[in-house]
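One structure is given here, and the rest of the page talks about it.
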Amino acid sequence: MLRAWYAFRYWLTVYARTWRGTIVISVANPVLFLLGIGIGLGHLVDHGHSMTLGGVSYTAFFAPGLLAASAMQTGFIEGGGRVAGAAGSVGAYRTAVTTPLEPSEIMAGHLLFITFRVLTSSAVFVAVMAVFGIGAGWWVLAALPAALLTGLAFGAPTAAWAVGVRSIRNTQTLYRFVLMPMYMFSGTFFALSQLPRGVRLVASALPLSQGVALCRSLTLGTASAPTVAARVGYLLAFVVAGICVARITYRRRLHG
Amino acid sequence: MPPFRAVDGIDFEFGRGEVFGFLGPNGAGKSSTMRMLGATSPVSAGTLRVLGMDPAEKGPEIRARIGVVPQDDCLDRELTVRENLFVYGRYFGLAKNVIRERIAGLLAFAQLEEQADAQVETLSGGMRRRLTIARSLINQPEILLLDEPTTGLDPQARHVLWDRLYRLKRDGVTLIITTHYMDEAEQLCDRLAVMDGGKIVAEGSPRELIDAHVTREVLELRFPADDQAEVAERLRAAQLGERIELLPDRVVVYADDGETVLVAVHGMSLAPITALVRRATLEDVFLKLTGRSLID
Ligand SMILES: Nc1ncnc2c1ncn2[C@@H]1O[C@H](COP(=O)(O)OP(=O)(O)O)[C@@H](O)[C@H]1O
Ligand SMILES: [Mg+2]
């Protein structure tokens, strides 16, 4: 496991040179989105009927949803394009395999780095939420591990898939046709209860919906232990399944 | 379709301090063999021992004691020369100060001291290759695997690189090299395995291979393209040399004494456009064994 740490350290070193480029998409965009949509659109929505939002302001409703959606996006980008690039013929994994590192250690090190990326960008977002007084006091801090779990529920399965991908363009296709719709229909922008019953059932089974609901209920202090446990279990299943599959796909691609 | 066999039942052995080469054209299975030796690709059948260990069981232990120079450099474009060496050393769990010390020596060895803080992007092809070799030495390996170390380099850069490899050999590092350049194989290798289509077709020292498979000299004759086949027939009928090979652009006669054969050719009132007598090379060995040329 020490060698997984070496792999993590490698990604940190590279990140120390390149982090500026990632700040826009994983921190600045969500914060601007929060300010623009939350406060601008919220002004309109709050004058209508906000009861479907559980009696909270639109900003307080939207912010934790956006936190979860951004965590998903960071998990996906780090686990998708970056992994596919590293697994390519001149990628970073090609160098790592010639050292004592085993494929599973290369994988674990990269998942640690994805953890780091989701955690740090979510932490900035949570701090902004706290500054704006969103959430029920300290409860907003509980949304941070929930966001991390959401990010990993996407990062781990995505990495398991992306390590076998031959063209980075495939990760962009997946982003456009799977991630973006999920972003829109997982209750980030509106309450799922507003949807027709059939659509609602499908939408609430999406992992992002569970992540959004988890972040939101914790932020607003409305969470109950059984639902939190169920949602955590659901997301954790994606993380564990992702890791199990990744152990196989990493070995297949890197020691093929 | 049956699964493709990139490497099909090869048998070889190399000893400490030796320079062992795999000579073969593109697609011969050289890189696949190197990945198995480097414990990054499983051996599907047969036995392989590297440093006395089984790669299936002791991959990390083997990789800790060997160095690998892959066919593609795989350097980090975002990092400088020094940083590339540093992050690689960290993969081996080496302490920072140990790595820094070794980097100083390796930069000197690779003649990259002036480029130490340059981005990899700005290096020439030869410099990148030397950096990749320096990187592979960070763990002070006992065996160094070099997959086509000089492919794509200009003649001068190749000579600089060969010179560095001689130094490693002198220092007692076992070198395993793949190449499709017969001059490289002749220059560097104590012993060679000639590969084609995933198989080893011959093995021995460059000298032994030439002695065993071809004559001492070779006479190359060029005739007008339309006449070549007919001329080759006439030479065969006259039983000149030991063997006659008809290539698209020339007729090749294998003989221990090329000059004598050339005189005989003129005696048959044949008038080649050009005639050249040269020493036989590994290229001729390859042609003899496979009926094809090394570089297509
Ligand atoms: N992962 C792979 N899957 C299928 N075929 C492969 C794979 N790797 C190599 N090959 C094929 O195996 C043959 C040998 O490849 P390689 O070992 O790279 O040869 P060389 O290094 O001598 O050029 C080639 O025909 C190549 O296309
Ligand atoms: Mg090759």
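Numbered from 1 within each chain, the chains take letters A, B, ... in sequence-line order.
Taken from CZ in A:R94 to OG1 in B:T40, the straight-line distance is 8.5 Å, to the nearest 0.5 Å. Taking OG1 of A:T99 as the start and CD1 of B:I138 as the end, the distance is 12.5 Å to the nearest 0.5 Å. One finds the OH atom of A:Y6 at 8.0 Å from the CG atom of B:L94 (value rounded to the nearest 0.5 Å).
Heavy atoms of B:Q71 lying under 4.5 Å from chain A are absent altogether. Looking at B:R135, the atoms closer than 4.5 Å to chain A (heavy atoms on both sides) all sit in the side chain, from C-beta outward.
Of all residues in residues 156-170 of chain A, none places a non-hydrogen atom less than 4.5 angstrom from a non-hydrogen atom of chain B. Interface residues of residues 249-256 of chain A toward chain B, defined by a heavy-atom distance below 4.5 Å and sorted by number: A:L254, A:H255, A:G256. Residues of residues 14-22 of chain A having a heavy atom under 4.5 Å from any heavy atom of chain B, listed by number: A:V14, A:R17, A:T18.
Listed by first and then second residue, the salt bridge (Lys or Arg N to Asp or Glu O under 4.0 Å) pairs involving residues 94-118 of chain B are B:R82-B:D117 (not counting sequence neighbours).
Residues B:Y91 and A:T98 form no side-chain contact, since every pair of their non-hydrogen atoms from C-beta on lies 4.5 Å or further apart. Side-chain contact between B:P60 and A:E105 is absent, with no heavy atoms from C-beta onward closer than 4.5 Å.
Side-chain atoms of A:T95 come within 3.5 Å of backbone N or O of B:C74 as a donor-acceptor pair. Within the 3.5 Å criterion, the main-chain N or O of B:R90 finds a donor-acceptor partner in the side chain of A:R9. The main-chain N or O of A:L101 is found under 3.5 Å from a side-chain atom of B:R63 such that the two form a donor-acceptor pair.
Other residues, nucleotides and ligands place more than 12 heavy atoms under 6.0 Å from the OH atom of A:Y175. When the shell of 6.0 Å around NZ of B:K169 is examined, it contains more than 12 heavy atoms from other residues, nucleotides or ligands. Other residues, nucleotides and ligands contribute more than 12 heavy atoms inside 6.0 Å of the OH atom of A:Y183.
By number of non-hydrogen pairs under 4.5 angstrom with chain A, the leading residue of B:P42, B:G67, B:S32, B:P70 is B:P42. Annotation: maximal heavy-atom pairing with chain B below 4.5 Å, among A:A92, A:A96, A:G88, occurs at A:A96.
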